There are 2 protein chains.
Amino acid sequence: MSRTPPHPTREQIELPLVLDCLSDPIRLAIVYQLAQQEAVSSELCCGDFNGLSGKSNLTYHFAKLRDCGLMRTRVAGTNRFVRLRREDLEARFPGLLDAVLNSAAKDADRPQLVAECDEVKAD
Amino acid sequence: MSRTPPHPTREQIELPLVLDCLSDPIRLAIVYQLAQQEAVSSELCCGDFNGLSGKSNLTYHFAKLRDCGLMRTRVAGTNRFVRLRREDLEARFPGLLDAVLNSAAKDADRPQLVAECDEVKAD
DNA sequence: TCGATTGTTCAATAAACATTGAACATAAGG
DNA sequence: CCTTATGTTCAATGTTTATTGAACAATCGA
């Protein structure tokens with residue numbers, strides 16, 4: 001449980017994997033929270049996300065985020081710190097991360113729109 | 001086989017579903033091809049994508065793209081025409097589609113980078 | 001009306017995915 | 001040293017996914 005896990009290089013980061021990774025609500029929430037925090041400190045510890053799911057499930061999601069190149073994990077004693085790979089992502093996919101984060105922010109504001117209906121206009 | 005299938009309204013378009021939809025290589029290729037073409041004509045017929053996969057599989061992917069709000073299907077005789085819902089996407093997720101398309105374009109150029117290695121530096 | 005074309009539907013299949021809990025590993029601190 | 005806190009690993013589970021091929025439906029044109 002002690003060595004730094006492997007990370008893809010910048011050039012190995014692939015668009016479909018990144019999009020797939022961001023398409024899971026829990027992972028999107030992790031990335032979002034990480035981004036929110038960024039001004040304060042660039043990293044958070046895994047435990048800071050315990051609200052989102054169980055620990056072993058979070059380990060699973062962190063691994064996906066790491067494997068696709070969205071974040072970097074740093075080991076420090078019994079803790080693991082994670083941070084967004086902003087520069088690498090910006091270099092590979094300019095504007096993408098911010099577009100996703102802005103959209104996610106807007107959605108987070110929405111009063112959870114429950115409309116089941118289609119384009120049907122009261123017919 | 002003749003009625004127009006249901007589409008989500010603009011407000012019903014959800015970020016995670018869109019990202020998930022774009023994370024499949026076939027669907028990304030469809031969207032990309034549609035975008036490339038856009039200047040010439042805003043729509044293509046389903047058959048124009050037959051190179052990407054079998055017909056029934058394409059039907060499946062078109063349905064996903066339609067259901068998540070990425071494209072719109074129009075029925076015309078025995079043909080179906082599809083087009084990107086650019087305006088709706090731009091309204092919901094500003095900058096997102098273009099960021100994805102630009103990134104996809106860059107990747108399409110890459111000489112298919114096969115490097116299996118990690119950040120390992122010849123150790 | 002017949003035949004060809006376009007695309008859908010359905011059932012089957014194999015693979016990938018998210019989630020869980022229990023057991024484990026590592027390190028820090030009394 | 002022993003205990004506690006962090007987080008991982010592993011196996012089990014049920015779900016969703018992409019892909020296939022065969023059968024079907026609708027329309028167009030000769």
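Residue numbering restarts at 1 for every chain, and letters A, B, ... go by the order of the sequence lines. This one's a predicted model, so the numbers in the text were calculated from it and none came from an experiment.
Side-chain atoms of A:Thr73 and A:Arg66 include a donor-acceptor pair closer than 3.5 Å.
The nearest pair of heavy atoms linking B:Lys106 to A:Pro94 is NZ-CD, 3.9 Å.
Spacing between atom CG of A:Asn57 and atom C1' of D:dT13 amounts to 14 Å, rounded to whole angstrom units. We find that CZ of B:Arg3 is positioned 13 Å from C1' of D:dA26, with the value rounded to whole Å.
A:Asn79 comes within contact range of the sugar-phosphate backbone alone, with a heavy-atom separation under 4.0 Å but no base atom that close. Within the nucleic acid shown, A:Phe62 has no heavy atom closer than 4.0 Å to any nucleic acid atom. No contact: A:Leu58 has no heavy atom under 4.0 Å from any strand.
When the salt bridge (charged side-chain N to carboxylate O under 4.0 Å, His left out) test is applied to A:Asp98, the partners found at least two apart in sequence or on another chain are A:Arg86.
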Can you list, pair by pair, the side-chain donor-acceptor contacts under 3.5 Å of residues 17-24 of chain A, counting residues two or more places apart and other chains?
from: A:Ser23; atom 1: OG; to: A:Asp20; atom 2: O; distance (Å): 2.7
from: A:Asp24; atom 1: OD1; to: A:Ile26; atom 2: N; distance (Å): 2.8
from: A:Asp24; atom 1: OD1; to: A:Arg27; atom 2: N; distance (Å): 3.2

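Remark: the B:Ser56 side chain and the D:dG21 base include a donor-acceptor N/O pair separated by less than 3.5 Å.
For B:Thr59 and C:dT8, the shortest distance from a side-chain N or O to OP1 or OP2 is below 4.0 Å. Contact check, B:Lys55 against C:dT9: no side-chain N or O comes under 4.0 Å of OP1 or OP2.
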